[in-house]
Amino acid sequence: MAGLRSGPPQPCGCAHRRGRAQRRRAPTIRPAPGLRQSRGWQSARAGNRYQEPRASAGALGGTPIHSLRCLPQVHLQPHTRARPSGLVSACPRPPPDIPSSAGIRYNTRIYRGARLAVTDWVCPPTQEVRPLAKQDKQFVKEITPQSEDFSRWYIDVIRKADLMDYAPVRGCIVFKPDGYELWEGCQRELDRRFKETGHRNAYFPLFIPESFFQKEKEHVEGFNPELPWVTEAGGEKLEERLAVRPTSETIIGHMYAQWIQSYRDLPVLINQWANVVRWEKRTLPFLRTSEFLWQEGHTAHATAEEAEAETRQMLDVYTDFVESVLAIPVFRGQKTPSEKFAGAVSTYSLEAMMKDGKALQAATSHYLGQNFAKGFDITFVDRDNTLKHVYTTSWGLSTRILGALIMVHGDDRGLQLPPKIAPTQVIIIPIGPQKERERVVAHATDCLKRLQCAGFRVRMDAREDFSPGWKFNEYEMRGIPVRLEIGPRDIDSGQVVLVRRDTGEKLVIPEAQLLQQLPELLDGIQRDMFAAAKAFQEAHSYVAHSLDELSEIITNQRGFVLAGWCGDDACERAVKDACGATSRNIPFDPPTRLDNCAVCGKPAAHSVWYAKAY
RNA sequence: CGGAGCAUAGCGCAGCUUGGUAGCGCGCCUGCCUUGGGAGCAGGAGGUCGUGGGUUCAAAUCCCGCUGCUCCGACCA
């Protein structure tokens with residue numbers, strides 16, 4: 001850290017390089033490479049969850065800081081590096097109600113080969129709206145515009161927003177704190193939902209004996225090419241090589257075989273948070289890395305019906321999480337046989353549409369039937385005193401979802417985070433001349449503490465060595481949903497300025513109403529971000545009746561195309577060969593029914609979403 | 001794993017064709033000055049040019065290998 005460097009540079013006696021041109025400042029605004037917070041970063045976090053503020057927190061008024069007993073004292077001094085800690089658990093409160101995405105409904109109409117149209121658009125209540133200053137100016141110059149090169153944009157954003165760094169091992173990344181916090185948010189929300197549906201966490205080994213993979217034929221064929229092997233340890237060659245897990249069906253199956261004896265032991269409902277490794281040929285940060293983080297649920301049931309219900313239930317859990325927390329609309333459906341998980345009877349998926357029109361599988365849930373039960377001899381004695389194989393499921397969601405989060409909501413200014421997942425929901429920026437500074441920072445700190453105490457995730461940037469304008473751009477790039485500006489004029493008139501990241505709208509509200517209005521504002525942003533993503537998804541969803549039509553849309557329009565499918569692998573393959581799109585899934589509730597296979601013209605067994613995929 | 005491109009200071013790049021002293025902008029450090037959309041002035045620090053070999057009196061520069069990243073294709077969450 002620069003802040004730890006010692007003293008001013010010492011003049012050295014040796015012949016130092018000379019002749020550097022005199023430094024000239026460019027007249028234009030320049031970016032801040034590195035985005036380091038070198039010092040004086042006065043910030044603190046509140047509780048993990050975005051919640052309705054407590055009524056008892058009171059209105060923002062003249063209550064002195066020290067009267068808020070629930071917070072430790074925070075000393076704000078310029079150039080301190082201390083981060084106030086202990087604020088995290090300052091205000092314990094019950095879990096929030098996460099409204100289901102079912103609350104938002106959209107009416108769609110389908111045209112032949114045409115776009116799906118959105119007719120409902122929810123706007124949050126707004127107060128006074130001031131125009132965004134110099135709105136058309138491109139501030140974040142180091143981010144390639146999406147329209148120019150989407151891939152480049154993606155890489156630029158994740159690096160500038162400081163989410164990750166490349167690791168020295170090929171295809172591996174470091175999740176930096178700002179990126180890892182997003183994953184922690186996913187864990188928090190998902191874990192709660194898993195537990196609410198009766199699951200418990202456990203942890204299984206990273207290493208899997210080679211012989212385990214042989215027990216399920218499809219499984220071994222599916223994963224063999226991408227397994228890393230441990231062949232030597234402790235200076236000796238191993239008798240049996242160990243795979244670094246690509247997924248844990250096998251080793252968990254092995255354990256379940258020992259744990260399950262009777263129908264009374266069922267169901268087994270276990271989830272594991274873990275890292276897994278798949279040696280990928282082509283890697284992309286978050287989307288495809290050699291090692292990635294995920295959760296994998298593994299359950300065992302007495303009947304097929306129960307296992308199938310579990311499979312579908314977890315898909316619902318994922319849907320709720322992805323749509324209501326991440327504000328990413330998804331297409332739900334079943335994978336075609338060629339796209340299903342190696343070893344599964346059936347695979348279900350959520351497919352999300354990125355802003356370049358490509359698909360990203362957001363989560364999967366597999367009904368494994370008795371495939372693994374037979375491979376690993378997982379049996380139980382049923383009520384009728386007969387020995388039976390169990391029925392298993394597995395379901396997973398990985399850090400890949402962060403790539404979706406970025407590519408669904410991000411824009412040319414950088415990241416854009418939905419309030420429910422944003423590690424920081426509100427950034428407070430005190431503004432004012434030197435002589436007013438003490439007063440402004442004290443007031444802003446007061447505001448910070450009230451918001452934190454009310455359960456919001458808030459930070460303040462009171463650094464003096466960055467201009468307000470710089471900070472505005474900085475936090476927009478980092479995707480923080482709401483910026484709160486406090487300056488002398490605001491204090492004098494008892495107001496604060498709130499600025500939305502998603503629309504750029506400025507709202508000036510009385511400070512006394514902040515605690516009442518902020519939840520509405522955050523909810524509004526959450527809703528609008530989902531609605532915007534939904535509108536985009538529907539605007540880029542098409543229906544095709546022939547391979548030519550399908551191909552033309554994929555090539556020229558980008559997006560998802562719904563087409564009839566007879567069920568033959570060859571027809572699916574033909575689509576891929578024609579335009580590079582693969583079948584994403586067979587939707588549960590297709591927006592329209594198609595009578596004939598788009599490729600061969602035979603009666604269609606299903607309607608399938610096709611798209612180019614990540 | 002095939003095809004292409006890139007690798008020089010924290011970041012973005014020039015220098016390479018035609019071998020000979022390591023350069024620019026931003027950032028960083030010090031001081032002053034400033035703060036409602038990326039301010040200004042002055043001074044300063046920082047690079048064995050990805051890595052290993054070769055050619056040469058001499059290599060960032062020429063040649064070969066390796067590694068990593070990016071893009072395009074085949075495989076996948």
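Quantities reported herein were computed from a predicted structural model and do not represent experimental measurements.
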*May I have the distance from A:K281 (atom NZ) to B:G68 (atom P), rounded to whole angstrom?*
13 Å
*Nearest heavy-atom pair of A:A327 and A:H409: which atoms, and what distance?*
O-CE1, 3.0 Å
*Establish, from distance only, whether the side-chain atoms of A:E511 and A:Q495 form a donor-acceptor pair under 3.5 Å.*
no
*Please figure out whether A:R282 or A:R400 has its closest RNA chain B nucleotide nearer the 5' end.*
A:R282
*Looking at A:K576, does any N or O in its side chain come under 4.0 Å of the phosphate oxygens OP1/OP2 on B:C75?*
yes
_Just N and O in the side chain of A:Y166: are any of them under 4.0 Å from OP1 or OP2 of B:U70?_
yes
*For RNA chain B, what residues of residues 346-357 of chain A have any heavy atom nearer than 4.0 Å?*
none
*Taking atom P of B:C76 as reference, at what distance in whole Å does atom CD of A:E291 sit?*
21 Å
*Among side-chain atoms of A:H199 and A:Q295, is any donor-acceptor pair under 3.5 angstrom?*
no
_Taking any heavy-atom pair under 4.0 Å as a contact, classify A:G171: base, sugar-phosphate, or nothing._
sugar-phosphate
*Of the nucleotides B:A77, B:C75, B:C11, which one has an atom closest to the side chain of A:R573?*
B:C75
*Just compare B:C28, B:A77, B:G36 and give me whichever is closest to any side-chain atom of A:F341.*
B:A77
*Indicate, with a heavy-atom threshold strictly under 4.0 Å, whether A:Q361 touches base, sugar-phosphate, or nothing.*
sugar-phosphate
_Between A:Q334 and A:N585, do the side chains contain a donor N or O and an acceptor N or O under 3.5 Å apart?_
no
_Between B:G27 and B:A42, how far apart are the two P atoms, rounded to whole Å?_
14 Å
*Provide, to the nearest angstrom, the distance between the CG atom belonging to A:D165 and the C1' atom belonging to B:C69.*
12 Å
*Indicate, with a heavy-atom threshold strictly under 4.0 Å, whether A:F292 touches base, sugar-phosphate, or nothing.*
base
*Just call it for A:R288: base, sugar-phosphate, or nothing, with non-hydrogen atoms closer than 4.0 Å on any strand.*
base
*Quick one: label A:Q434 by what it contacts on the DNA or RNA (base, sugar-phosphate, nothing), any heavy atom closer than 4.0 Å.*
base
*Hey, does the side chain of A:S467 come within less than 4.0 Å of B:A39's phosphate (OP1/OP2), counting only N and O?*
yes
_Mind checking if A:P285 touches a base, just sugar-phosphate, or nothing, with heavy atoms under 4.0 Å?_
sugar-phosphate
*Value in whole Å for how far the C1' atom of B:U35 lies from CZ of A:R439*: 15 Å
*Roughly, in whole Å, what's the span from CG in A:D149 to P in B:C72?*
8 Å
_Quick one about A:R170 and A:T283 (side-chain donor to acceptor, distance below 3.5 Å, no hydrogens or angles considered), yes or no?_
no
*Just checking A:T364: base, sugar-phosphate only, or nothing, at a heavy-atom cut-off of under 4.0 Å?*
nothing
*Which nucleotide in the list B:A77, B:C28, B:C69 gets nearest to the side chain of A:F466?*
B:C28
*How far, in whole Å, is B:A9 from B:A74 if one measures between their P atoms?*
36 Å
*Specify the residue among A:P468 and A:L287 whose closest nucleotide of RNA chain B lies further upstream toward the 5′ end.*
A:P468
_Separation between the P atoms of B:G68 and B:C24, rounded to whole Å_ = 34 Å
*Would you mind telling me which of B:G36, B:A77, B:G37 lies closest to the side-chain atoms of A:R413?*
B:G37
*asked:* Taking the cut-offs as 6.0 angstrom to the six-membered ring centre and 45 degrees off its axis, would you call A:K471 and A:F466 a cation-pi pair?
replied: no
*With a 3.5 Å cut-off and no angle check, do the side chains of A:E572 and A:T336 form a donor-acceptor pair?*
yes
_Span that lies between the P atom of B:C49 and that of B:G23, in whole angstrom_ = 14 Å
*May I ask you to verify whether the side chain of A:E476 and the base of B:G37 hold a donor-acceptor pair under 3.5 Å?*
yes
*What integer number of Å spans the C1' atoms of B:C57 and B:G12?*
37 Å
*Should A:R170 be listed as having a side-chain N or O under 4.0 Å from OP1 or OP2 of B:C69?*
yes
*May I ask you to say what A:E485 touches in the nucleic acid, namely base, sugar-phosphate or nothing, with a heavy-atom cut-off under 4.0 Å?*
base
*Please determine, for the side chain of A:S151, which listed nucleotide (B:A77, B:C71, B:C69) has the closest atom?*
B:C71
_Minimum side-chain heavy-atom gap A:E323-A:T319 below 4.5 Å_ = yes
_Using atom P in both nucleotides, what's the gap between B:G10 and B:G5 to the nearest angstrom?_
27 Å
*Where the side chain of A:N473 is concerned, which of B:C71, B:G37, B:U35 is the nearest nucleotide?*
B:G37
*Taking atom types as modelled and ignoring hydrogens, do the side chains of A:T247 and A:R245 form a donor-acceptor contact shorter than 3.5 angstrom?*
no
*Given atom CZ of A:R437 and atom P of B:C33, what is their separation to the nearest angstrom?*
16 Å
*So which pairs with a foot in residues 341-350 of chain A pass salt bridge (Lys or Arg N to Asp or Glu O under 4.0 Å), sequence neighbours left out?*
none
*Say you pick atom C1' in B:U67 and the same atom in B:G53; how far apart are they, in whole Å?*
14 Å
*Looking at every strand, decide which applies to A:S290 at a 4.0 Å heavy-atom threshold: base, sugar-phosphate, or nothing.*
nothing
_Ring centres under 6.0 Å, that's the criterion: do A:H219 and A:F341 meet it?_
yes
*What is the distance, rounded to the nearest whole Å, between atom OH of A:Y614 and atom C1' of B:C76?*
15 Å
*Side chain of A:E226 only, please: which of B:C76, B:G36, B:G37 is the nearest?*
B:C76
*Could you work out the separation of B:U48 and B:G44 based on their C1' atoms and round it to a whole Å?*
23 Å
_What is the distance, to the nearest angstrom, from the CD atom on A:E339 to the P atom on B:C75?_
10 Å
